[in-house]
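For clarity, every value in this text was computed on a predicted model and none was experimentally measured.
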Amino acid sequence: MINGKKVIVVLPAYNAERTLEKTYNEIDFNIVDDVILVDDHSTDATVKKAAEIGINHIFIHDKNKGYGGNQKTCYNNALSMNADIVIMLHPDYQYTPLLIQSMAYIIANELYPVVLGSRILGRGALKGGMPYYKYVFNRILTLIQNILMKQKLSEYHTGYRAFSAEVLKNINYNHNSDDYVFDNQMIAQIFYAGYEIAEITCPTTYSKESSSINFRRSVKYGFGVLATSFLYFFNKIKVVKSDIFR
């Protein structure tokens, strides 16, 4: 615990057998109280590996629910276990677990209720092997999102995130998409609810084991991000009222 706050790391897993142990071994259990792994109907031995390395809380989807659907199960179970701070870490080792401590302390000390690990601050993205087209899309989408949401994030698309339980309880994330746009819907909900978000520089590693979406799905994701941003904007000026912002 930190300042009496229970810290839970959630691992949304899909075919993470080869990188799971390396990721898990770098988690700092001096501050992390529990780890939850949610397996999204993997076709490899992710669940077996998770049990072998000592993860006690393993939840298995009987069918693939998608990246957003996986996160819903992660957060719902973390809250049911009375987490005060929930940190989402991808088990494909794209993001270093060594930043867990910094992210958790920012929330535990009540500086910010949400922390993102940004690949764009510094030179982490391209240096770590992010495909150039994804980097360009990231920068363009982030610029548009900042304009529509009147914010100043360096990126909206990182998968490394830490939340206070209060934030998770006060946004309607279970109503979001089960696909990749879930992440951006969450950020929109957090800003809409009036919370602030901190960012810290995060190195990243792209390898053949890292999870990634192809160009076609990236384009679909991009349109979903734009739709979410415009929906936020129109809800703010009270032109429409969307369920995700209830």
Item checked: Flag side-chain contact, heavy atom, 4.5 Å: Asp179 against Arg217 -> yes
Notebook entry, point to check: Can you hop from Ile197 to Val167 via hydrophobic side chains spaced under 4.5 Å?
Noted result: yes
Next item on the list: For Ile55 and Val35, work out which heavy atoms get closest and say how close.
Entry: CG2-O, 3.9 Å
Note to self: Between Thr158 and Ser118 (side chain of the first, backbone of the second, donor and acceptor by atom type, cut-off under 3.5 Å), is there such a pair?
What the structure shows: no
Next item on the list: Kindly say whether Lys5 contributes a backbone atom to a donor-acceptor pair with the side chain of Asn3 at under 3.5 angstrom?
Entry: no
Note to self: Please confirm whether the ring centroid of His61 lies under 6.0 Å from the ring centroid of Tyr14.
What the structure shows: no
Notebook entry, point to check: Which value, rounded to the nearest 0.5 Å, describes the distance between Ile60 atom CD1 and Thr73 atom OG1?
Noted result: 12.0 Å
Check: Once you round to the nearest 0.5 Å, how far does CG of Asn172 lie from OG of Ser242?
Finding: 9.0 Å
Next item on the list: Could you tell me the separation between the CG atom of Asp62 and the NE2 atom of His41, rounded to the nearest 0.5 Å?
Entry: 7.5 Å
Notebook entry, point to check: What residues form a side chain to side chain contact (heavy atoms under 4.5 Å, CB included) with Phe182, not counting sequence neighbours?
Noted result: Gln71, Lys72, Tyr75, Tyr173, Asn176, Met186
Note to self: Applying a strict under-4.5 Å side-chain criterion to I, L, V, M, F, W and Y, I'd like to know whether Met149 and Ile120 cluster together.
What the structure shows: yes
Margin query: With a 4.5 Å cut-off on side-chain heavy-atom distances among I, L, V, M, F, W and Y, is there a chain of contacts connecting Val7 to Leu168?
Written below: no
Margin query: Show, in sequence, the C-alpha distance, side-chain angles and deciding distance for Tyr160 and Leu89, and conclude whether the side-chain contact (heavy atoms from CB on, under 4.5 Å) test is met.
Written below: CA-CA 6 Å; Tyr160 203 0; Leu89 174 67; 3.8 Å; yes
Check: Between Asn76 and Asn174, do the side chains contain an N or O donor and an N or O acceptor separated by less than 3.5 Å?
Finding: yes
Next item on the list: With the side chain counted from C-beta on, respond yes when Asn77 and His57 share a heavy-atom pair under 4.5 Å apart, and no when they do not.
Entry: no
Next item on the list: I would like to know whether Asp183 and Arg161 meet side-chain contact (heavy atoms from CB on, under 4.5 Å); could you show each step before the answer?
Entry: CA-CA 10 Å; Asp183 273 351; Arg161 302 166 175 226; 3.4 Å; yes
Checklist line | Spatial distance of atom CD1 (Ile190) from atom CG (Asn170) [nearest 0.5 Å] | finding: 11.0 Å
Next item on the list: Count the heavy atoms belonging to other residues, nucleotides or ligands that lie under 6.0 Å from NZ of Lys220, then report whether that count exceeds 12.
Entry: no
Margin query: Just checking Phe137 against His157, ring centres under 6.0 Å apart?
Written below: no
Next item on the list: Please name the pair of heavy atoms, one in Ser42 and one in Asn15, separated by the smallest distance, quoted to 0.1 Å.
Entry: OG-N, 2.7 Å
Check: Any side-chain donor-acceptor pair under 3.5 Å between Asp34 and Asn56?
Finding: no
Check: How far does OG1 of Thr201 sit from CD of Glu199, to the nearest 0.5 angstrom?
Finding: 9.0 Å
Note to self: Does any part of the side chain of Tyr195, heavy atoms only, come nearer than 4.5 Å to the side chain of Glu166, both counted from C-beta?
What the structure shows: yes
Notebook entry, point to check: For the rings on Tyr192 and Phe245, is their centre-to-centre separation under 6.0 Å?
Noted result: yes
Check: Of the options Asn64, Val38, Asp39, which is the one that meets Asn70 in a side-chain contact (heavy atoms from CB on, under 4.5 Å)?
Finding: Val38
Checklist line | Salt-bridge contact Lys49-Asp44 (side-chain N to carboxylate O under 4.0 Å) | finding: no
Check: Among the clusters formed by ILVMFWY side chains lying less than 4.5 Å apart, do Val32 and Ile107 turn up in the same one?
Finding: yes
Margin query: With a 4.5 Å cut-off on side-chain heavy atoms, are Lys241 and Asn235 touching?
Written below: yes
Item checked: Point-to-point distance, once rounded to the nearest 0.5 Å, from CE of Met88 to CD1 of Ile36 -> 13.5 Å
Checklist line | The single option from Tyr67, Tyr221, Phe223 passing ring-ring contact (aromatic ring centres under 6.0 Å, His included) against Tyr180 | finding: Tyr67
Notebook entry, point to check: Less than 4.5 Å apart, any side-chain heavy atom of Tyr95 and any of Arg119?
Noted result: yes
Notebook entry, point to check: Nearest heavy-atom pair of Leu79 and Ala165: which atoms, and what distance?
Noted result: CD2-CB, 3.9 Å
Note to self: Quick check against the 3.5 Å criterion: does Asp40 have a side-chain atom that pairs as donor or acceptor with the backbone of Lys65?
What the structure shows: yes
Margin query: So for atom CD, which belongs to Glu196, do other residues, nucleotides or ligands contribute more than 12 heavy atoms lying within a distance under 6.0 Å?
Written below: no
Item checked: Neighbour count >12 (heavy atoms, 6.0 Å) for atom CZ, Phe29 -> yes
Item checked: Side-chain heavy-atom pair Asn184, Gln145 within 4.5 angstrom cut-off -> yes
Check: So, do Tyr156 and Asn146 sit near enough that their side-chain heavy atoms are less than 4.5 Å apart?
Finding: yes
Margin query: Is it the case that the side chain of Asn138 and the backbone of Lys134 share a donor-acceptor pair, with hydrogens and angles ignored and the cut-off at 3.5 Å?
Written below: no
Check: Can you name the nearest heavy-atom pair linking Thr142 to Ser154, along with the distance?
Finding: CG2-O, 3.5 Å
Check: Who passes side-chain hydrogen bond (donor to acceptor under 3.5 Å, both in side chains) against Arg139, sequence neighbours left out?
Finding: none
Check: Taking all non-hydrogen atoms of both residues, which atom of Thr19 and which atom of Pro91 are closest, and how far apart?
Finding: OG1-O, 2.7 Å
Notebook entry, point to check: Hey, any chance Leu116 and Ile106 share a hydrophobic cluster, counting ILVMFWY side chains that come within less than 4.5 Å of each other, even indirectly?
Noted result: no
Note to self: Tell me the closest heavy-atom pair linking Thr46 and Ala13, and the distance in Å.
What the structure shows: CG2-CB, 4.0 Å
Check: Do the non-hydrogen side-chain atoms of Pro203 and Thr96 ever get within less than 4.5 Å of each other?
Finding: yes
Checklist line | Test log, rule side-chain contact (heavy atoms from CB on, under 4.5 Å), inputs Leu121 and Ile200 | finding: CA-CA 7 Å; Leu121 290 172; Ile200 61 174; over 6 Å; no
